[in-house]
Amino acid sequence: MYYLLLILSAALFASQFLFNQLFRKQCGSSSEASLLFMLYTSLAGFFLIFVINGFRLEFSVFSLWIAVLCSVVNLLYTAASLKAFETVNLSVYSVFSMLGGMLLPSVFGILFRDETLTTGKLVCFLFICAALFFTTDRRAKKSKNAYFYYAAVFLLNGFTGVLSVIHQSGVSAVDSCSYLMHTRLISLLLSAAIYALKYRSFPSISVRPILCCAAFALMCSLGNLFVLIALKHIYASVQYPLITGGVMLFSLLISIIRRERVTKRETFASVAAFIASVILVW
């Protein structure tokens, strides 16, 4: 059952990248666009999870502090993501994002959570690293800042996973839904405060970008909820590589369906990541 949740979360995460990309095409990748994206996705995500959790919100100081850290990381991640989309397509972006989300939580689990480094995990990590190598194609070199944003996406998404592992193993942690609501609420307040201080006005946005934000919030919130539930039963060093392989494969399929230009290197990278996931489960 929990492995099924991971497959569903992978499909949701791949879909959320699409709505992130659509938002950038409509609103750009400026700091204002980043703040608006985080503001509206946080608002929609909070109410969605609030309804799913039966209008119940638990509280603990521990969860609050982890949520604050996660919100800051998410704000930086959103800004880096919108910039990264200026130079890459969906499948390339997903590789950088999900590799960070795979490696950092997995290494954290092995080093600090007493998770065993097995031969299968090691082979899986090597395949994933090979996938990263094959995505750094010539298109990335068109922008001198491209690799900076790729590295930022890689590290920031990884930090989000590490914070999730820390929270789910905490003794005084709230339930998974409440933790997501903590994060969304703080992200909402943070982005709104920064926007008000910087632009001295109330944010306004058209209907289509709002729909993109709402769709992103739906995919992101449900995907993260499934991940948090599974973390209670599946080791991080197993879970995050599985999600990574699944997201890369689903993202490649989305790029193909949308008739984006997908190179042989990108296809090989996604297939390598998928094989790595199979090796890990096997």
Side-chain angles (χ1 to χ4, degrees), residues 3-4 6-25 29 77 80-106 120-143 145-158 161 216 219-220 223 227 238-282:
Y3 286 100
L4 177 60
L6 296 183
I7 294 174
L8 291 175
S9 67
L12 291 169
F13 287 145
S15 299
Q16 81 174 23
F17 295 151
L18 172 61
F19 293 108
N20 194 333
Q21 188 182 48
L22 291 175
F23 178 88
R24 187 200 65 79
K25 289 182 178 180
S29 56
Y77 175 72
S81 296
L82 292 176
K83 285 293 185 181
F85 277 135
E86 294 179 351
T87 57
V88 296
N89 67 13
L90 183 61
S91 63
V92 177
Y93 166 83
S94 70
V95 172
F96 280 92
S97 176
M98 297 313 298
L99 282 175
M102 184 275 295
L103 286 176
L104 269 65
S106 298
K121 291 178 183 178
L122 183 59
V123 173
C124 174
F125 294 160
L126 292 176
F127 265 85
I128 295 293
C129 289
L132 175 59
F133 171 78
F134 277 97
T135 60
T136 54
D137 60 15
R138 295 177 181 177
R139 279 177 293 169
K141 298 178 183 179
K142 290 183 178 180
S143 171
N145 296 322
Y147 284 111
F148 171 79
Y149 294 121
Y150 300 160
V153 166
F154 177 90
L155 292 173
L156 292 170
N157 196 37
F216 179 95
M219 305 297 176
C220 180
V227 168
V238 174
Q239 174 168 319
Y240 284 97
L242 287 177
I243 295 175
T244 299
V247 169
M248 291 173 65
L249 183 62
F250 283 122
S251 296
L252 176 66
L253 293 176
I254 292 174
S255 290
I256 293 174
I257 292 173
R258 299 184 68 217
R259 297 183 179 179
E260 292 184 338
R261 179 176 177 267
V262 179
T263 66
K264 293 181 180 179
R265 293 167 66 92
E266 294 165 16
T267 303
F268 179 84
S270 297
V271 172
F274 177 73
I275 292 174
S277 301
V278 174
I279 292 173
L280 186 63
V281 174
W282 193 271

Practice task
Mind running side chain to side chain contact (heavy atoms under 4.5 Å, CB included) on V227 and F13 for me, showing each step along the way?
Solution key: CA-CA 11 Å; V227 168; F13 287 145; 3.7 Å; yes

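What you find for I254 and A14 is that their closest heavy atoms are CD1-O, 3.7 Å. Contact between F250 and I7 at its shortest, heavy atoms only, is CE1-O, 3.9 Å. Nearest heavy-atom pair, Y240 versus G101, reported as atom, atom and distance to 0.1 Å: CD2-O, 3.1 Å.
Atom CG of L242 and atom OG of S106 lie 9.5 Å apart (nearest 0.5 Å). Rounded to the nearest 0.5 Å, atoms OG (S9) and CE (M219) are 13.0 Å apart. Note: L252 CG to I257 CD1 = 10.0 Å, rounded to the nearest 0.5 Å. Separating the OH atom in Y3 from the CG atom in L8 is a distance of 15.0 Å, to the nearest 0.5 Å. Interatomic distance, C220 SG to F19 CZ, rounded to the nearest 0.5 Å: 12.5 Å. Of the inter-residue distances, the one linking L249 atom CG with I275 atom CD1 reads 10.5 Å to the nearest 0.5 angstrom.
Contact check for F154 versus L104: side-chain heavy atoms found under the 4.5 Å cut-off.
Of the possible polar contacts, none joining the Q239 side chain to the L6 backbone as a donor-acceptor pair under 3.5 Å is found.
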